[in-house]
There are 2 protein chains.
Amino acid sequence: MPRPPSYDREAALAKAVSLFWQKGYHGSSMKQIEQALDMRPGSIYATFGSKDGLFSEALANYAQQGGADLSEHMAGYDSIVAGLQAYLREIAGSCADTDCAPARACLIVKTLLEASNTNPALYSQAQSVLAAIETSFAELLESARNQGEIAAQTDCRRLARLLQSQIMGLRAMAERNPSAAELEQLGDDMAAILESYKVRN
Amino acid sequence: MPRPPSYDREAALAKAVSLFWQKGYHGSSMKQIEQALDMRPGSIYATFGSKDGLFSEALANYAQQGGADLSEHMAGYDSIVAGLQAYLREIAGSCADTDCAPARACLIVKTLLEASNTNPALYSQAQSVLAAIETSFAELLESARNQGEIAAQTDCRRLARLLQSQIMGLRAMAERNPSAAELEQLGDDMAAILESYKVRN
DNA sequence: TTGGTTGTTGAGCGATCATTCATAAACTTG
DNA sequence: CAAGTTTATGAATGATCGCTCAACAACCAA
């Protein structure tokens with residue numbers, strides 16, 4: 001009986017992610033959103049409720065994608081530490097590619113910094129997402145510890161926070177638009193940090 | 001002959017820094033600025049030209065203060081590496097203090113991320129400031145190299161970028177609002193990274 | 001005092017902000 | 001086709017955006 005929607009919800013969300021990733025929450029006007037999604041205001045509000053609602057869904061979508069990327073990446077490595085080291089280098093490499101992504105810095109971190117004193121709901125969401133990522137890293141590191149890759153007395157949550165800080169720093173630095181070589185060096189140097197946590201053999 | 005200004009330019013700038021640091025560029029409206037500076041729009045525009053101009057001066061002011069803080073800090077240390085390690089720990093400690101500063105994350109980095117795809121002038125300014133800070137670190141590290149603290153073949157610019165990334169990551173992580181203990185651990189872990197660059201003795 | 005200069009004020013500018021809703025269009029079912 | 005239901009549209013909303021400027025206030029030199 002009803003008229004079916006003419007747009008693709010997932011595709012619209014992907015476009016929203018791209019816009020918000022580039023311009024942030026305050027930097028993206030509804031007019032720009034309408035243009036990016038090729039939707040009229042009525043449809044946007046019927047589908048996502050509000051600008052906040054759309055941003056929230058976009059952020060969740062981005063985080064889910066990032067988590068899937070990490071899982072997929074780690075599946076290719078027997079050694080967890082080696083996988084995490086390669087992950088750091090991969091981030092450095094992808095940030096070096098021009099127009100590989102809408103922006104270099106992480107959307108979650110951008111949201112954390114932008115929303116911390118202006119939008120409690122988005123700030124809280126960014127905090128939750130980052131806490132979940134920290135937990136993912138901690139679980140990976142616990143596996144590494146169980147496999148004897150890193151020392152038995154390693155504080156995995158603590159090391160997970162150090163690792164997450166590395167990624168935050170790497171991608172923030174990438175936003176300075178350094179050369180590809182400089183970014184690769186930085187990725188290598190950060191990967192080397194993990195080396196010192198490995199069990200001596 | 002003329003009527004002297006009734007406000008204190010430096011004091012007004014300090015208040016602008018505080019507001020922008022908290023809410024960012026797009027998140028600070030002229031209405032909020034008027035209230036924070038206790039100035040009427042006419043006076044603000046006569047003094048700073050525009051919202052962009054005010055932000056630009058505030059950012060420069062913040063950066064200068066940061067540079068002075070670094071110099072003052074380093075003056076208290078014979079060992080440059082030890083000074084930089086203590087600097088990382090000091091940042092962690094001050095970020096842990098509630099209401100020690102308007103925000104934890106660095107205003108320059110916040111500006112870099114917010115302005116990169118919305119405001120070329122501010123983006124460029126943030127880039128310049130960060131490049132200058134990188135150079136300061138590189139010069140400090142060159143001195144450390146000359147004094148034999150770190151290996152003679154050390155690439156000081158490269159290490160300076162790693163150091164700057166640590167600070168970016170540390171202060172971004174601080175915006176997640178971790179416990180004081182967790183932040184101190186993170187500062188310690190980042191200081192320990194520099195340990196591995198020291199010359200063995 | 002007075003004249004000249006500069007600083008301060010705040011109402012109000014056009015533009016844009018996020019959002020709404022009456023209307024029109026599109027589709028399925030009977 | 002016609003009836004019924006849902007979606008799409010975009011002009012229009014009040015609020016707020018950054019900003020201007022004519023009028024006024026405050027000061028100094030003469």
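In the text below, chain A, chain B and the rest are named by the order of the sequence lines, each starting its count at 1.
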Output the distance between atom CG (L194(A)) and atom CG (L88(A)), rounded to the nearest 0.5 Å. 6.0 Å
Roughly how far apart are L84(A) CG and M74(A) CE, rounded to 0.5 Å? 4.0 Å
Calculate the interatomic distance between [X] atom [atom1] and [N] atom [atom2]; express it in whole Å.
X      : N       : atom1 : atom2 : result
Y45(A) : dA18(C) : OH    : P     : 7 Å
D38(A) : dA8(D)  : CG    : C1'   : 12 Å
F55(B) : dC19(D) : CZ    : C1'   : 19 Å
K51(B) : dT16(D) : NZ    : C1'   : 12 Å
Q35(A) : dT9(D)  : CD    : C1'   : 17 Å
L54(A) : dC17(C) : CG    : P     : 16 Å
L37(A) : dA18(C) : CG    : P     : 13 Å
E34(B) : dT20(D) : CD    : C1'   : 13 Å

Is it the case that K110(B) places NZ or CZ above or below the six-membered ring of Y25(B), under 6.0 angstrom from the centre and within 45 degrees of the axis? no
Interface polar pairs with nucleotides 10-12 of chain D, N/O, under 3.5 angstrom:
from: dG10(D); atom 1: O6; to: G42(A); atom 2: N; distance (Å): 3.2

Any pair with a residue in residues 67-83 of chain B that passes side-chain hydrogen bond (donor to acceptor under 3.5 Å, both in side chains), sequence neighbours left out, goes on the list, sorted by first then second residue, please. H73(B)-E90(B), S79(B)-E149(B)
Quick one: list whatever passes salt bridge (charged side-chain N to carboxylate O under 4.0 Å, His left out) with R145(A), sequence neighbours left out. none
List in chain and number order the residues that pass side-chain hydrogen bond (donor to acceptor under 3.5 Å, both in side chains) with K198(A), two or more places apart in sequence or in another chain; answer none if no residue qualifies. E195(A)
By ring-ring contact (aromatic ring centres under 6.0 Å, His included) - contacts of Y62(B) (at least two apart): W21(B)
Looking at R176(A) and E182(A), does any basic side-chain N land under 4.0 Å from a carboxylate oxygen? no
Sub-4.0 Å heavy-atom contacts from residues 17-33 of chain B onto DNA chain D, ordered by number: S28(B), S29(B), M30(B)
Using every non-hydrogen atom in the two residues, find where L170(B) and A92(B) come nearest and quote the distance to one decimal. CD2-N, 4.0 Å
